[in-house]
Amino acid sequence: MNRSGSVRPFLVATALGVLCGGALILTSALTRRGPAIFVPYGILLSAIAFYLHTRRVRSFVARFGVSLLAFMIGTIILMVYIVTVANTLAFRTPMWNKIWPLLIFLLIGSVASAIIAMAIPSRADLDELA
């Protein structure tokens, strides 16, 4: 894979992660329903799965990295919003209270990314089967 071919999926993941972060902020600001937060994550994971299916990303590690990067960028943007805007008292809490939710989301994102990376074969894999 050439250099531009390996950089583009990570740029797309970054863009999708930022869009998901914005959608997560809007969701958390406009609604108090907890399960509504799953809608932007579901759309993000669907978009990543569609992108990985149409691109020629061959390796499992690259597919996993792209989906985890997008998931974590959206999550970090939401966490920064919560700590700085929505809950300003969070500055007074110990650092561990800010880190453990991020670690839990890293675990959830890793599982979701692994499922996507395993379930979505690249177009190159499909071409080899044909």
Side-chain angles (χ1 to χ4, degrees):
M1 201 182 259
N2 62 12
R3 184 180 171 136
S4 65
S6 63
V7 172
R8 185 161 184 223
F10 289 99
L11 292 176
V12 170
T14 303
L16 286 174
V18 169
L19 287 173
C20 178
L24 288 168
I25 289 172
L26 284 175
T27 301
S28 66
L30 297 177
T31 184
R32 296 291 176 227
R33 301 179 120 200
I37 203 81
F38 294 124
V39 174
Y41 280 122
I43 293 170
L44 170 72
L45 294 176
S46 299
I48 286 291
F50 178 75
Y51 177 75
L52 290 175
H53 181 68
T54 57
R55 289 290 299 167
R56 294 188 183 270
V57 181
R58 291 182 183 260
S59 72
F60 171 82
V61 174
R63 291 192 302 259
F64 176 80
V66 165
S67 53
L68 183 62
L69 177 68
F71 186 89
M72 289 310 296
I73 286 174
T75 301
I76 289 171
I77 289 171
L78 176 65
M79 295 280 188
V80 168
Y81 167 76
I82 289 172
V83 169
T84 58
V85 176
N87 185 12
T88 56
L89 296 176
F91 284 115
R92 297 181 188 166
T93 60
M95 184 59 83
W96 175 248
N97 289 346
K98 297 176 197 96
I99 292 176
W100 74 265
L102 195 61
L103 294 176
I104 290 174
F105 273 99
L106 180 63
L107 176 68
I108 293 169
S110 297
V111 170
S113 297
I115 290 170
I116 287 175
M118 286 188 302
I120 303 297
S122 67
R123 183 176 268 174
D125 293 339
L126 294 175
D127 290 343
E128 288 175 7
L129 293 174

Search all heavy atoms of [X] against all heavy atoms of [Y] and return the closest pair with its distance.
X: Leu52; Y: Arg63; value: CD1-O, 3.7 Å
X: Ile108; Y: Phe71; value: CG2-CZ, 4.1 Å
X: Leu68; Y: Gly109; value: CD1-C, 3.5 Å
X: Phe105; Y: Met72; value: O-SD, 3.9 Å

Should side-chain heavy atoms under 4.5 Å link Ile, Leu, Val, Met, Phe, Trp and Tyr, which residues sit in the same cluster as [X]?
X: Leu107; answer: none
X: Val39; answer: Ile43
X: Ile115; answer: Val111

Test side chain to side chain donor-acceptor pair (under 3.5 Å) applied to Ser113 - qualifying residues, sequence neighbours left out: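 For Ser113 the side chain to side chain donor-acceptor pair (under 3.5 Å) partners, ignoring immediate neighbours, are Ser67.
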
Checking Tyr41 now: which residues fulfil side chain to side chain donor-acceptor pair (under 3.5 Å) with it, not counting sequence neighbours?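 For Tyr41 the side chain to side chain donor-acceptor pair (under 3.5 Å) partners, ignoring immediate neighbours, are Thr75.
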
Is it the case that over 12 heavy atoms from other parts of the model lie below 6.0 angstrom from the CZ atom of Phe60?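 Yes, because the 6.0 Å sphere around CZ of Phe60 holds more than 12 heavy atoms from other groups.
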
About how many Å separate [atom2] of [Y] and [atom1] of [X], when rounded to the nearest 0.5 Å?
X: Ile73; Y: Leu78; atom1: CD1; atom2: CG; value: 14.0 Å
X: Phe64; Y: Ser110; atom1: CZ; atom2: OG; value: 4.5 Å
X: Ile99; Y: Leu106; atom1: CD1; atom2: CG; value: 12.5 Å
X: Tyr51; Y: Arg8; atom1: OH; atom2: CZ; value: 5.0 Å

Check the hydrophobic clustering (I, L, V, M, F, W, Y; side-chain heavy atoms under 4.5 Å; chains of links allowed) and say if Leu26 and Phe38 are grouped together.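 Leu26 does not cluster with Phe38.
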
Using the rule that two of Ile, Leu, Val, Met, Phe, Trp, Tyr join whenever any of their side-chain heavy atoms come within less than 4.5 Å, decide whether Ile77 and Leu30 are in one cluster.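 No: no chain of side-chain contacts under 4.5 Å links Ile77 to Leu30.
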
Just jot down the side chain to side chain contact (heavy atoms under 4.5 Å, CB included) partners of [X], sequence neighbours excluded, or say none.
X: Ala86; result: Tyr81
X: Ser46; result: none
X: Ala49; result: Ile116, Ile120

Distance-only donor-acceptor hits, side chain of residues 9-24, under 3.5 Å, sequence neighbours excluded:
from  : atom 1 : to    : atom 2 : distance (Å)
Thr14 : OG1    : Phe10 : O      : 2.8

